[in-house]
Amino acid sequence: MADTIADTRRLFSKPQNLNDAYGPPSNFLEIDVSNPETVGVGRTRFTTYDIRLKTNLPIFKLKESRVRRRYSDFQWLRGELERDSKVVVPPLPGKALFRQLPFRGDDGIFDDSFIEERRAGLEQFLNKVAGHPLAQNERCLHMFLQDESVDKTYTPSKIRQA
């Protein structure tokens with residue numbers, strides 16, 4: 001009977017010190033989309049967003065970066081990832097076609113509440129995509145997050161870990 005009783009002794013693990021408990025996480029990737037700015041007039045008016053990245057993942061060449069992107073840049077990134085990667089790419093926040101109609105009682109796509117809603121959706125999109133290990137290997141994601149401008153004529157390729 002004693003042979004059939006399960007062993008209930010605790011597994012001994014290394015005691016946790018303060019640095020383990022409160023130090024930086026072993027791997028982190030933080031992306032914030034903030035500071036929307038609307039520029040231009042009339043039909044050339046659009047909103048850009050600050051994208052700030054902080055990481056210690058070795059696959060990213062810069063551990064901190066800040067770039068400005070507009071909605072069409074996010075559309076380009078999504079299209080590139082769908083075409084070139086094995087990742088199921090989440091949707092972007094909607095294009096808001098009805099908000100672009102004339103004679104509305106608000107500022108349409110330039111209304112503060114819409115811009116904030118879109119900003120939050122773009123941030124959620126980027127964090128989902130950039131958090132995916134396969135997407136992290138795509139050159140288009142690195143260019144989007146870390147290069148000053150997006151070269152839409154680039155040659156798609158994989159990033160090799162440093």
Side-chain angles (χ1 to χ4, degrees), residues 19-20 22-101 104 106-162:
N19 196 40
D20 292 340
Y22 298 104
S26 54
N27 284 327
F28 72 92
L29 174 64
E30 296 172 10
I31 299 172
D32 297 317
V33 176
S34 63
N35 193 21
E37 266 179 36
T38 299
V39 295
V41 290
R43 298 182 70 71
T44 62
R45 195 173 178 201
F46 59 90
T47 302
T48 63
Y49 302 87
D50 233 357
I51 299 170
R52 187 186 60 80
L53 174 135
K54 282 181 130 178
T55 187
N56 65 357
L57 295 174
I59 194 137
F60 289 95
K61 68 180 180 209
L62 301 173
K63 299 310 167 203
E64 289 191 31
S65 61
R66 176 173 264 139
V67 295
R68 286 204 76 78
R69 298 287 182 255
R70 57 188 287 184
Y71 186 79
S72 60
D73 295 327
F74 284 85
Q75 290 177 306
W76 171 84
L77 174 64
R78 187 174 191 282
E80 290 299 298
L81 289 170
E82 277 189 318
R83 189 185 71 204
D84 295 324
S85 74
K86 306 278 187 272
V87 178
V88 176
V89 185
L92 284 167
K95 189 73 173 145
L97 297 175
F98 290 113
R99 283 191 168 269
Q100 296 178 34
L101 296 174
R104 292 180 49 92
D106 62 12
D107 285 334
I109 61 170
F110 303 109
D111 186 69
D112 288 345
S113 64
F114 174 74
I115 288 173
E116 174 53 28
E117 188 180 311
R118 179 175 269 184
R119 183 212 61 76
L122 293 173
E123 182 174 272
Q124 184 178 34
F125 166 81
L126 265 187
N127 276 289
K128 282 182 181 175
V129 166
H132 195 292
L134 291 176
Q136 290 173 4
N137 293 324
E138 297 297 331
R139 171 80 186 107
C140 60
L141 179 66
H142 289 254
M143 185 180 357
F144 181 89
L145 290 172
Q146 299 198 308
D147 291 0
E148 195 59 43
S149 62
V150 174
D151 174 10
K152 294 182 179 174
T153 64
Y154 85 114
T155 302
S157 62
K158 303 288 185 220
I159 299 290
R160 301 287 172 234
Q161 206 142 350

| Can you tell if the side chain of Leu53 reaches within under 4.5 Å of the side chain of Leu29, non-hydrogen atoms only? | yes
| query | Can you name the residues that form a side-chain hydrogen bond (donor to acceptor under 3.5 Å, both in side chains) with Glu30, not counting sequence neighbours? | reply | none
| task | With sequence neighbours excluded, tell me which residues meet side-chain hydrogen bond (donor to acceptor under 3.5 Å, both in side chains) with Ser34. | result | none
| said: Suppose we screen for side-chain hydrogen bond (donor to acceptor under 3.5 Å, both in side chains). Which residues come up paired with Thr153, at least two apart in sequence or across chains? | reply: Asp151
| query | With side chains defined as the heavy atoms from C-beta onward, is the minimum distance between Glu123 and Tyr49 less than 4.5 Å? | reply | no
| Does the side chain of Glu80 reach to within under 4.5 Å of the side chain of Pro156, using non-hydrogen atoms? | yes
| query | Measuring from Lys63:NZ to Gln146:CD, what's the distance to the nearest 0.5 Å? | reply | 8.0 Å
| message | Please check: side-chain N/O of Asn56 versus main-chain N/O of Phe28, any donor-acceptor pairing under 3.5 Å? | response | yes
| query | Do Thr48 side-chain atoms and Val39 backbone N/O form a donor-acceptor pair below 3.5 Å? | reply | no
| said: Please check: side-chain N/O of Glu64 versus main-chain N/O of Thr55, any donor-acceptor pairing under 3.5 Å? | reply: no
| Do any pairs count as a ring-ring contact (aromatic ring centres under 6.0 Å, His included) and have a residue in residues 118-143, sequence neighbours left out, and if so which ones? | Phe60-His142
| Pairs meeting criterion salt bridge (Lys or Arg N to Asp or Glu O under 4.0 Å) with involvement of residues 135-145, two or more places apart | Glu138-Lys158, Arg139-Asp147
| query | With a 4.5 Å heavy-atom cut-off, do Leu92 and Leu122 have their side chains touching? | reply | yes
| query | Looking at residues at least two apart in the chain, or sitting in another chain, which of them share a salt bridge (Lys or Arg N to Asp or Glu O under 4.0 Å) with Glu116? | reply | Arg119
| Could you walk me through whether Val87 and Val129 pass the side chain to side chain contact (heavy atoms under 4.5 Å, CB included) check? | CA-CA 8 Å; Val87 178; Val129 166; over 6 Å; no
| remark: Arg66 meets the side-chain contact (heavy atoms from CB on, under 4.5 Å) criterion, sequence neighbours left out, with Asp50, Arg52
| side-chain contact (heavy atoms from CB on, under 4.5 Å) involving Gln124 - partner list, sequence neighbours excluded | Lys128
| said: How long is the straight-line distance from CG of Leu145 back to CD1 of Ile31, given to the nearest 0.5 Å? | reply: 5.0 Å
| Do side-chain atoms of Lys54 reach the backbone of Ser65 as a donor and acceptor pair under 3.5 angstrom? | no
| request: Would you give the length of the straight line joining atom CG of Asn137 to atom CD1 of Ile59, rounded to the nearest 0.5 angstrom? | output: 4.0 Å
| field | Nearest-0.5 Å distance that lies between atom CG in Leu134 and atom CG in Leu141 | value | 12.0 Å
| request: Any pair with a residue in residues 65-88 that passes ring-ring contact (aromatic ring centres under 6.0 Å, His included), sequence neighbours left out, goes on the list, sorted by first then second residue, please. | output: Phe74-Phe144, Trp76-Tyr154
| How would you list, by chain and number, every residue that makes a side-chain hydrogen bond (donor to acceptor under 3.5 Å, both in side chains) with Glu82, sequence neighbours excluded? | Arg78
| Atom pair CG (Leu77) and CZ (Arg69), whose distance is rounded to the nearest 0.5 Å | 9.5 Å
